[in-house]
Asks: 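The structure is given below, and queries will be raised subsequently.
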Amino acid sequence: MPEGPELHLASCYINTVCAGLIFSGKVEKSEVSKNPEVLFESDAYVISATSRGKEIKLTLTPLKEEKNTLPGRGRDREELSQNGLQQPMDLVFRFGMSGSFKFTSAAELPKHAHLRFYTKESPHRALCFVDCRRFGRWEVHGTWQLDRGPCVMLEYEKFRENVLRNLSDKAFNKPICEALLNQKFFNGIGNYLRAEILYRLKIPPFENARTVLEALQHRKQSPDLTLSKKVKLKQENPDLLELCHAVPMEVIHMGGMGYGPEHSDDAAEWLQCYCVPGMRSLRDGNGRTIWFQGEPGPMAPKGEHQLDSSMLCRVLLLLVGLGEAGRAVVCCGIVKETSDALLKL
DNA sequence: CGTCCACGTCTAC
DNA sequence: TAGACCTGGACGG
């Protein structure tokens, strides 16, 4: 489920279900997970969460009055402070392709629950990090990953500045659709968001990123307009960086994309481009599928494998609709990769 | 049965 | 710039 909006919603979910709840005992890791053990133990602690882009941070805080369990009982001494109390601990998670948090009965843990926090009450319940593909990661005593930029959702002004002040960075030598996945500058944007954002402005995905973004630096002012008209104009014509904030915010207000079993109808309706029938798709330079409408743009990868089904359909319909002479003309003009692809059918 | 595809990083040649 | 890392759903034979 995981691009920026889903990560943020996960933090909201955790803060809601854990509000007023007391957790207890050790943090349990599944056998199969290669992530680090979480050596935290407390008789009574609380859990809270914050998010930043595509990361989420859990804070485990022992309750004050606790005199901790016997030091040394199956515990590393280093994990306890000098007076034997468990210190608060931050855990930073990335979700990979399939991470999520679920709060359930401890008796029936969800499949693929790789990290589990148990409540003190009985019968116990558990907050679980669930991750079927196990691409997700967590770090003990974690901090926000150093080379990830400000959150597109929660730190919009810093995010915008970070992009516009660094347009000389080689990250912007790339097509805009590839730059948008660079978490150093677009922390929170993922594959469906980049497609939806570019589609709103009909920006060709393989237009050069610097070319697109330099145009935002000197946005033309209209001094003759009143302030309210300027505000209105801006709201009705958001630029690319504003959409990098506004589009994920739409998803948050919708309650997330709900990938997987709980696939919501709202989400399916909300998508205007990503995986939508009739839209075109190509592989970008990193092998990721970019969905778009119209022209791919000047930096599109060349090659015989770069013909999408939507375009093939159109070519075939065109050929069917033409007479014999027209067909001959069109076939002569067809680009090499088109004819190659047709021959392969 | 098999092949392809998926919301993302990582690290190794 | 490839692969590696994983499970499971969709779809074809």
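Each chain gets a letter, A, B and so on, in the order the sequences are listed, and its residues count up from 1.
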Asks: Let me know the distance between CG of A/Asp284 and P of B/dT9, rounded to the nearest Å.
Replies: 13 Å

Asks: Reckon A/Lys34 has a side-chain N or O less than 4.0 Å from the OP1 or OP2 of C/dC5?
Replies: no

Asks: Would one find a side-chain N or O of A/His112 under 4.0 angstrom from OP1 or OP2 of C/dC6?
Replies: no

Asks: Could you tell me whether the side-chain ring of A/Phe135 sits stacked on the base of C/dC6, using a centroid cut-off under 5.5 Å and a plane angle under 30°?
Replies: no

Asks: Respond yes when some side-chain nitrogen or oxygen of A/Arg288 is under 4.0 Å from OP1 or OP2 of B/dT9, and no when none is.
Replies: no

Asks: Under 4.0 Å from OP1 or OP2 of B/dT9: is there any side-chain N or O of A/Arg148 that close?
Replies: yes

Asks: Between atom CD1 in A/Ile197 and atom P in B/dC7, what is the gap in whole Å?
Replies: 15 Å

Asks: Give none if B/dC7 has no partner; otherwise give the nucleotide forming a Watson-Crick or G-U wobble pair with it, both distances under 3.5 Å.
Replies: none

Asks: Within a strict 4.5 Å, meaning less than it, do heavy atoms of the A/Trp291 and A/Tyr199 side chains meet?
Replies: no

Asks: Between A/Thr289 and B/dA6, is there a side-chain N or O to OP1/OP2 distance below 4.0 Å?
Replies: yes

Asks: B/dA6 C1' sits how many Å from A/Arg283 CZ, rounded?
Replies: 10 Å

Asks: Measure up the A/Phe185 and A/Phe172 rings against each other and bin them: parallel (under 30°), tilted (30 to 60°), perpendicular (over 60°).
Replies: tilted

Asks: How many whole angstroms separate atom CG of A/Asn286 from atom P of B/dA6?
Replies: 14 Å

Asks: Check if the side chain of A/Arg133 and the base of C/dC6 share a donor-acceptor pair of N or O atoms closer than 3.5 Å.
Replies: yes

Asks: Closer than 3.5 angstrom, by distance alone: can the side chain of A/Ser98 be matched with the main-chain N or O of A/Arg133 as a donor-acceptor pair?
Replies: yes

Asks: Atom CH2 of A/Trp291 to atom P of B/dC7: distance rounded to whole Å?
Replies: 10 Å

Asks: Atom CG of A/Leu180 and atom P of B/dT9: how far apart are they, to the nearest Å?
Replies: 13 Å

Asks: Tell me what A/Gln145 touches on the nucleic acid: a base, only sugar-phosphate, or nothing, going by heavy atoms under 4.0 Å.
Replies: sugar-phosphate

Asks: Does A/Gln183 put a side-chain nitrogen or oxygen below 4.0 Å from OP1 or OP2 of B/dG8?
Replies: no

Asks: Is the ring pair A/Tyr156/A/His245 parallel, tilted or perpendicular, if the boundaries are 30 and 60 degrees?
Replies: tilted

Asks: To the nearest Å, how far apart are A/Arg134 CZ and C/dC5 P?
Replies: 12 Å

Asks: Where does the angle between the aromatic ring planes of A/Trp270 and A/Tyr192 fall among parallel (under 30°), tilted (30 to 60°) and perpendicular (over 60°)?
Replies: perpendicular

Asks: Counting only side-chain N and O atoms of A/Lys111, is one of them less than 4.0 Å from OP1 or OP2 of C/dG8?
Replies: yes

Asks: Determine the contact category for A/Arg194: base if any of its heavy atoms lies under 4.0 Å from a base atom, sugar-phosphate if only primed atoms, P, OP1 or OP2 are that close, otherwise nothing.
Replies: nothing

Asks: Rounding to a whole Å, what distance do you find between A/Leu7:CG and B/dC7:C1'?
Replies: 10 Å

Asks: Taking the P atom in each of B/dT9 and C/dG9, what is the distance between them to the nearest angstrom?
Replies: 24 Å

